[in-house]
Amino acid sequence: MRIRPVVAVAGALMGLSAFALPATGAAAAHGHPPVVVGHRGAAAYAPENTLASVDTAGRLGIAWVENDVQRTKDGELVVLHDTSLARTTNVKKVFPDRSSWNVGDFTLREIEKLDAGSWFGAKFKGERVPTLEEYLEEVEDNGQNLLMELKNPELYPGIERQALRELRHDGWLDQEHLKRRLIVQSFNADAIKKVHRLNPAIKTGFLGSPSVADLPKYAAYCDQINPPHTAVTRKYVKAVHALQGPHHRRLELYTWTVDDAKAAVSTADLGVEGLISNKPDVVRKALGGTDS
């Protein structure tokens, strides 16, 4: 059994605190500052996409965390960013003859043998690549919310339906989660179309910066347009906000990856709804929040 810090009580309050910070500049136009999302948990402070990273975000008082979902050779959903296991695990040492060490070439049992923490720091030795089920349980126990990315879905046919089945099994498709605690995003527009078709109640986001002319196409099945922060301008934000998504609400814009105070303030002042950050505590403080 994993022993982890108790952050559930704090987590229950975080959903409120995310909207209770004083707003500055253009951010105040929407009644609240941008939501701060921990990128891959709290990736500046713990090994990304691990349960330790989720818990670190929790200790920082971060309500929303983002992750990446892929599939193993034997059909299990795991949380990992790269197509290859090489960067964030010791797979080269454990399986030296299995290059290029792609996630889809390994069974879950094999992946469970890997150390996904030591590359980041000695105190994280033994941290594992979590299954999506384990990850969802951790986020739920911490009282956090999830921005879930389907990573490289073109490599894993049917992963959209499978991910939704897992979300339902773990209680993430009830009314509370659908309205307040879950967003599904991807760089792959077809995957998001499929998620919307399978369950129109799910809030969805497209990762990228479509042209202004193409935005109406995305608004048919996306609630959010989520570009890199270097691509965000006031004009682009205005174009996104001019459209309604499939739930008849104004399209939102979450942007990534914002890690310093100056960029956080300038990007927030453009009127975005969310900032995704490896250092979510730094961003929150810059927007007027307090460190936990």
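Along the sequence shown, the residues carry numbers beginning at 1.
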task = Please lay out, stage by stage, how Gln144 and Val54 fare under the test side chain to side chain contact (heavy atoms under 4.5 Å, CB included).
result = CA-CA 9 Å; Gln144 293 164 301; Val54 171; 3.1 Å; yes

ask   = Lys279 versus Lys285: any side-chain heavy-atom pair under 4.5 Å?
value = no

task = Provide the closest heavy-atom pair for Ala268 versus Leu287 in the form atom of the first, atom of the second, distance.
result = CB-CD2, 3.6 Å

note = Heavy atoms of Val282 and Ala261 approach each other most closely as CG1-N, 4.1 Å

inquiry  = Do Leu146 and Leu164 land in one hydrophobic cluster if side-chain heavy atoms of ILVMFWY residues count as linked below 4.5 Å?
reply    = yes

ask   = What residue pairs, at least two apart or across chains, pass ring pair (Phe, Tyr, Trp, His ring centres under 6.0 Å) with a residue in residues 260-279?
value = none

task = Could you tell me which non-hydrogen atom of Arg234 sits nearest to which non-hydrogen atom of Asp269, and how far apart they are?
result = NH1-O, 3.0 Å

ask   = Are any non-hydrogen side-chain atoms of Thr50 and Pro47 less than 4.5 angstrom apart?
value = yes

Ile276 vs Asn226 side-chain heavy atoms within contact, under 4.5 Å = no

task = Mind checking the CG-CD1 spacing from Leu114 to Ile111? Nearest 0.5 Å is all I need.
result = 7.0 Å

query = Sequence neighbours excluded, which residues qualify as salt bridge (charged side-chain N to carboxylate O under 4.0 Å, His left out) partners of Lys194?
reply = Glu160

key: Closest contact, heavy atoms only, Pro34 versus Leu275   = CB-CG, 4.1 Å

task = Carefully, step by step, assess Asn67 and Asn49 under the rule side chain to side chain donor-acceptor pair (under 3.5 Å).
result = CA-CA 6 Å; Asn67 74 352; Asn49 276 323; 5.4 Å; no

key: Thr267 side chain vs Ala264 backbone, donor-acceptor pair below 3.5 Å   = no

task = State which residues pass side chain to side chain contact (heavy atoms under 4.5 Å, CB included) with Leu178; sequence neighbours excluded, sorted by chain then number.
result = Leu173, Ala201, Ile202

request  = Not counting sequence neighbours, which residues clear salt bridge (charged side-chain N to carboxylate O under 4.0 Å, His left out) with Lys203? List them please.
outcome  = Glu252

note = Taken in chain and number order and not counting sequence neighbours, the residues that satisfy side chain to side chain donor-acceptor pair (under 3.5 Å) with Tyr156 are Gln70

request  = Using modelled atom types only, decide if a donor and an acceptor are shared between the side chain of Asp281 and the backbone of Leu60 within a distance under 3.5 Å.
outcome  = no

task = Output the distance between atom CZ (Phe95) and atom CG (Leu85), rounded to the nearest 0.5 Å.
result = 9.5 Å

request  = Write out all pairs satisfying ring pair (Phe, Tyr, Trp, His ring centres under 6.0 Å) with one or both partners inside residues 122-146, taking only residues at least two apart or from two chains.
outcome  = Phe120-Phe124

inquiry  = Taking salt bridge (Lys or Arg N to Asp or Glu O under 4.0 Å) as the cut-off, I'd like each qualifying pair that reaches into residues 110-124, sequence neighbours left out, listed once.
reply    = Arg98-Glu110

query = Rounded to the nearest 0.5 Å, how far apart are CD1 of Ile192 and CD of Gln185?
reply = 7.5 Å

task = Can you sort out the partners of Arg181 under salt bridge (charged side-chain N to carboxylate O under 4.0 Å, His left out), two or more places apart, ordered by chain and number?
result = Glu140, Glu176

note = Residues at least two apart in sequence or cross-chain that pass ring pair (Phe, Tyr, Trp, His ring centres under 6.0 Å) with Phe206, listed by chain then number, are Tyr218

query = Between Val272 and Val232, is a side chain to side chain contact (heavy atoms under 4.5 Å, CB included) present by the stated rule, with each step listed?
reply = CA-CA 9 Å; Val272 305; Val232 179; 4.0 Å; yes

ask   = Within a radius of less than 6.0 Å around NE2 of His169, do more than 12 heavy atoms belonging to other residues, nucleotides or ligands occur?
value = no

request  = Take Arg250 and Glu273 through the salt bridge (Lys or Arg N to Asp or Glu O under 4.0 Å) test and state the conclusion after the steps.
outcome  = CA-CA 11 Å; Arg250 184 176 65 183; Glu273 280 77 23; 3.7 Å; yes

remark   = Residues at least two apart in sequence or cross-chain that pass ring pair (Phe, Tyr, Trp, His ring centres under 6.0 Å) with Trp172, listed by chain then number, are His177

With a 3.5 Å cut-off and sequence neighbours excluded, list the donor-acceptor pairs that the side chains of residues 74-82 form with protein atoms.
unit_1: Asp74; atom_1: OD1; unit_2: Thr72; atom_2: OG1; d: 2.6
unit_1: Asp74; atom_1: OD1; unit_2: Leu108; atom_2: N; d: 3.0
unit_1: His81; atom_1: NE2; unit_2: Arg40; atom_2: NH2; d: 2.9
unit_1: His81; atom_1: NE2; unit_2: Lys151; atom_2: NZ; d: 3.1
unit_1: Asp82; atom_1: OD1; unit_2: Arg87; atom_2: NH2; d: 3.1
unit_1: Asp82; atom_1: OD2; unit_2: Arg87; atom_2: NE; d: 2.7

message = Looking at every non-hydrogen atom in both residues, tell me the closest pair between Gly41 and Ala57 and how far apart they are.
response = O-CB, 3.8 Å

query = Roughly how far, to the nearest 0.5 Å, is CG of Asp174 from CZ of Arg168?
reply = 10.0 Å

message = Using a 3.5 Å distance criterion without hydrogens, assess whether the side chain of Ser209 forms a donor-acceptor pair with backbone atoms of Ala231.
response = no

ask   = Given side chains that start at C-beta, do those of Thr204 and Gln224 come closer than 4.5 Å, heavy atoms only?
value = no

request  = To the nearest 0.5 Å, tell me how far Thr131 OG1 sits from Leu136 CG.
outcome  = 8.0 Å

message = Applying a strict under-4.5 Å side-chain criterion to I, L, V, M, F, W and Y, I'd like to know whether Trp119 and Val94 cluster together.
response = no

request  = Find out whether Thr257 and Pro228 are in side-chain contact, i.e. whether some heavy atom of one side chain is under 4.5 Å from a heavy atom of the other.
outcome  = no

task = Decide side chain to side chain contact (heavy atoms under 4.5 Å, CB included) for Ser277 and His39; before the verdict, give the C-alpha distance in whole Å, the side-chain angles of both, and the deciding distance to 0.1 Å.
result = CA-CA 5 Å; Ser277 178; His39 188 229; 5.6 Å; no

task = Answer whether the closest heavy-atom distance between the side chains of Glu66 and Trp256 falls below 4.5 Å.
result = no

task = Could you walk me through whether Phe106 and Lys73 pass side chain to side chain contact (heavy atoms under 4.5 Å, CB included), step by step?
result = CA-CA 5 Å; Phe106 288 79; Lys73 183 178 180 179; 5.6 Å; no

Pairwise salt bridge (Lys or Arg N to Asp or Glu O under 4.0 Å) hits with a residue in residues 210-233, at least two apart = Asp214-Lys217

ask   = Between Glu154 and Asn188, does any side-chain donor sit less than 3.5 Å from a side-chain acceptor?
value = yes

message = A side-chain contact here means heavy atoms from C-beta on lying under 4.5 Å apart; do Val36 and Trp64 qualify?
response = no

ask   = When you measure from the side chain of Thr255 to the backbone N and O of His229, does any donor-acceptor pair fall under 3.5 Å?
value = yes

task = Please name the pair of heavy atoms, one in Thr89 and one in Ala116, separated by the smallest distance, quoted to 0.1 Å.
result = CG2-CB, 4.1 Å

message = Could you check whether any side-chain heavy atom of Pro216 comes within less than 4.5 Å of a side-chain heavy atom of Leu243, counting everything from C-beta outward?
response = yes

ask   = Do we see a donor-acceptor contact under 3.5 Å between the side chains of Ser84 and Asn102?
value = no

ask   = So, the side chain of Asp260 versus the backbone of Ala263: is there a donor-acceptor pair under 3.5 Å, distance only?
value = yes

Side-chain donor-acceptor pair present, Gln162, Arg71, cut-off under 3.5 Å = yes

query = Which value, rounded to the nearest 0.5 Å, describes the distance between Leu51 atom CG and Glu127 atom CD?
reply = 6.0 Å

